[in-house]
Amino acid sequence: DTAVSQTPKYLVTQMGNDKSIKCEQNLGHDTMYWYKQDSKKFLKIMFSYNNKELIINETVPNRFSPKSPDKAHLNLHINSLELGDSAVYFCASSQDTGGGGEQYFGPGTRLTVT
Amino acid sequence: LAKTTQPISMDSYEGQEVNITCSHNNIATNDYITWYQQFPSQGPRFIIQGYKTKVTNEVASLFIPADRKSSTLSLPRVSLSDTAVYYCLVGLDNYGQNFVFGPGTRLSVLP
């Protein structure tokens with residue numbers, strides 16, 4: 001069984017479009033995260049949700065919005081896509097909310113904006 | 001924010017022990033030190049975590065000196081499959097700070 005899954009794995013779209021990336025975890029964890037890994041391979045957190053509450057909200061453009069229908073899902077919606085949004089987006093989950101918890105990452109979604 | 005510094009890359013040969021050191025001079029009292037491994041086209045995978053002294057699991061050891069301003073990940077007898085990027089992450093408390101992985105160390109294991 002896949003612990004953290006993301007769909008789609010690849011997403012190619014044009015500037016200005018709106019897209020969503022879905023994430024699901026079957027580990028029973030309380031916290032889920034979204035990370036962005038850019039072309040230089042820097043991995044930076046964007047959001048995290050704990051029990052459907054946003055607890056870390058990085059200084060990302062408000063075109064990005066996380067949506068969590070329940071604690072097993074954290075979807076990422078992106079409005080008005082820009083070229084600079086091209087990156088690999090990783091979803092992750094952990095039992096703890098802080099640095100004391102191991103995070104389990106999904107396989108990533110490679111987003112290409114043309 | 002506890003910034004980390006690691007070597008950009010390292011080379012090793014199969015069967016050798018590899019030590020990767022991470023500097024985190026402004027680590028906070030509540031911060032844990034965590035190491036992740038990432039293969040191409042995959043998400044990072046947890047390797048080991050510690051707070052002080054030494055931690056060992058079936059994969060690696062983590063050495064943390066008393067001042068906690070650095071840490072060393074030790075991989076015993078590496079194989080070709082250990083070729084990956086290794087990230088040192090200094091985790092934070094629950095309120096409002098960043099999880100910043102840093103550029104990581106690209107380890108190449110040669111035959």
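Just the heavy atoms: all of them, side chains too, but no hydrogens, waters or symmetry mates, feed the values below. Every chain is numbered from 1 and lettered A, B, ... according to where its sequence line falls, protein lines coming before strand lines.
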For this session: Please flag which part of A/Gln6 lies under 4.5 Å from any non-hydrogen atom of chain B: side chain, backbone, both or neither.
Result: neither

For this session: Indicate, with yes or no, if A/Phe42 and B/Leu107 share a hydrophobic cluster defined by side-chain heavy-atom contacts under 4.5 Å among Ile, Leu, Val, Met, Phe, Trp and Tyr.
Result: no

Exercise. Between B/Leu80 and B/Val78, is there a shared hydrophobic cluster once you connect ILVMFWY residues whose side-chain heavy atoms come closer than 4.5 Å?
Worked result: yes

For this session: Answer yes if A/Leu81 and A/Phe47 sit in the same cluster of Ile, Leu, Val, Met, Phe, Trp and Tyr residues linked by side chain heavy atoms under 4.5 Å apart, and no otherwise.
Result: yes

Exercise. Of the backbone (N, CA, C, O) and the side chain (C-beta and beyond), which part of B/Tyr87 lies under 4.5 Å from a heavy atom of chain A, both, or neither?
Worked result: side chain

Exercise. Shared ILVMFWY cluster between A/Ile78 and A/Tyr49, side chains joined below 4.5 angstrom?
Worked result: yes

Problem set entry | Min side-chain heavy-atom separation B/Thr34-A/Gln103 under 4.5 Å | no

For this session: Could you tell me the separation between the CD1 atom of B/Ile48 and the CD atom of A/Glu102, rounded to the nearest 0.5 Å?
Result: 11.0 Å

Problem set entry | A/Phe90 side chain near B/Gln38 side chain, heavy-atom distance below 4.5 Å | yes

Problem set entry | Flag if over 12 foreign heavy atoms under 6.0 Å of NZ, B/Lys52 | no

Exercise. Any chain of hydrophobic side-chain contacts (each under 4.5 Å) joining A/Phe64 to A/Met15?
Worked result: yes

Problem set entry | B/Tyr51 atom OH, over 12 foreign heavy atoms within 6.0 Å | yes

For this session: Residue by residue, scan residues 105-112 of chain A and write down, ordered by number, those that have a heavy-atom distance under 4.5 Å to chain B; if none do, write 'none'.
Result: A/Phe105, A/Gly106, A/Pro107

